[in-house]
Each structure stands twice: as structure tokens, then as C-alpha cells.
Amino acid sequence: MKAPWWMEGVHFACQPNCGRCCDQPGGIVYLSPDDAQRLADHAGLPVEAWLDRDTRQTLDGRFVLKSRDSDGVCIHLNERHQCSIYAVRPQQCRAFPWWGENLATPGAWKATKASCPGIDAEDALLVDGQTIRLHVFADRTSTKGFREWPVPKRRWKR
Ligand code: SF4
């Protein structure tokens, strides 16, 4: 099978004080079970209480981060366009721009590049294909998500 185009690596460096990937109204951040556990621990809450406070469920029942009522943007993006939970952020946020949907076609990648100044930036470093692959898998796990807590063990693969 032919290796995907990005296996040779892609130049990328996230740009300080950018935040463009997080400030889109209506953006959806899917959560993995590990995300829920880590973010609840960070908030000092039992997972059920954290889910109740900081998430909502999609029409098909998957837990996603809440958005602000005022502008539809993630509740964790602060007024300086910085992520207030950066160190423990969900793996789908960590995986950007290496989402399967962004890498799927040249057109999708072109659109991603137009919205993310970190791709091929002057200070960008080469991100190797294996690292990108791990991000693609992480994004896939998050997109599958979970619909109940505790998550049945057969569905929570660490
Ligand atoms: S849009 Fe790109 S450069 Fe900007 S914060 Fe997101 S990942 Fe970083």
C-alpha cells in the first residue's frame, strides 16, 4: 500500500498567541476517556461532576467540551486567546493540525494550511511521519468518543 503523502514529514511550529484553531464558533472537541479522567483530576472533581459542569452530549450521545453561550467558542479559551488548560488539553486539541480529515485530501490540507499559520512557518521544524501518525490515531480515538461513565473496559483501551 502506498504511504500517505505526509509520511515524509511536514514542517510545523505552533505560533505564539495565535489561537486560530480554537476560536471558531461552533467548533467541536470530542473527548477520549483519558481526557475526561485527566481534565476532571485537573479540576479537582469526580469525573461525573466534571462531565456535568464542562461538557455536553452530541445528538448521538458523545461527550464534547462545552462552548460559551455568548459566542460559541470553547469555554477554555481566555481573553488573550490562550488555552487556560493547555498543559492538560484534550488529545484532539493536541493533535491539531494532524487530524485525519485535514490530511485526507490535498484540498483539505490546503484549507487547513490557510487557517493555520504554523504550517510551513519560518520557524517550523520537520515533524516526522511516525509522530504525525500517532496524532492521527489519537484524533481517531477522540472522535469515537464515549457515551457513558464509567466507560465499559472493553471500550477504554489505554
Ligand atoms: S492555528 Fe496553528 S499556529 Fe495557530 S494556535 Fe492553532 S495550531 Fe498553533
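Just follow the structure's listing: the first ligand is 1, and inside any ligand the first atom is 1. Model, not experiment: these values are computed from the prediction.
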Start with the C-alpha gap between Ser67 and Val73, add the side-chain angles, then the distance that decides, and say whether side-chain contact (heavy atoms from CB on, under 4.5 Å) holds. CA-CA 5 Å; Ser67 301; Val73 169; over 6 Å; no

Identify the protein heavy atom lying closest to atom 8 (Fe) of ligand 1, giving its residue, its atom name and the separation to 0.1 Å. Cys14 SG, 2.5 Å

Go through ligand 1 atom by atom and flag the ones less than 4.0 Å from a non-hydrogen atom of Gly118. 3 (S)

Take atom CD in Glu48; do more than 12 heavy atoms of anything else shown fall under 6.0 Å from it? yes

Any N/O/S atom of Cys116 sitting less than 2.8 Å from atom 2 (Fe) of ligand 1, backbone or side chain? yes

min-distance protein heavy atom vs atom 3 (S) of ligand 1 -> Gln15 N, 3.3 Å

Working to the nearest 0.5 Å, report the span between CZ of Arg62 and OG1 of Thr55. 13.5 Å

Quick one: nearest non-hydrogen protein atom to atom 7 (S) of ligand 1, plus distance? Phe96 CD2, 3.7 Å

Aromatic plane relationship, Trp98 with His135 - under 30° parallel, 30 to 60° tilted, over 60° perpendicular: parallel

List the closest protein heavy-atom neighbour of atom 4 (Fe) of ligand 1: residue, atom name, distance to the nearest 0.1 Å. Cys18 SG, 2.3 Å

Would one find more than 12 heavy atoms of other residues, nucleotides or ligands at under 6.0 Å from atom CG of Asp60? yes

Considering heavy atoms of the protein only, find what lies nearest to atom 5 (S) of ligand 1 and give residue, atom and distance to 0.1 Å. Gly19 N, 3.3 Å

Against heavy atoms of Arg20, which atoms of ligand 1 measure under 4.0 Å? 1 (S)

Heavy atom of Pro97 under 4.0 Å from ligand 1? no

Tell me which protein heavy atom sits closest to atom 6 (Fe) of ligand 1, plus the residue, atom name and distance to 0.1 Å. Cys21 SG, 2.3 Å

Compute whether any side-chain donor of one residue and acceptor of the other, for Gln91 and Asp34, lie under 3.5 angstrom apart. no

Under-4.0 Å salt bridge between Asp71 and Arg68: yes

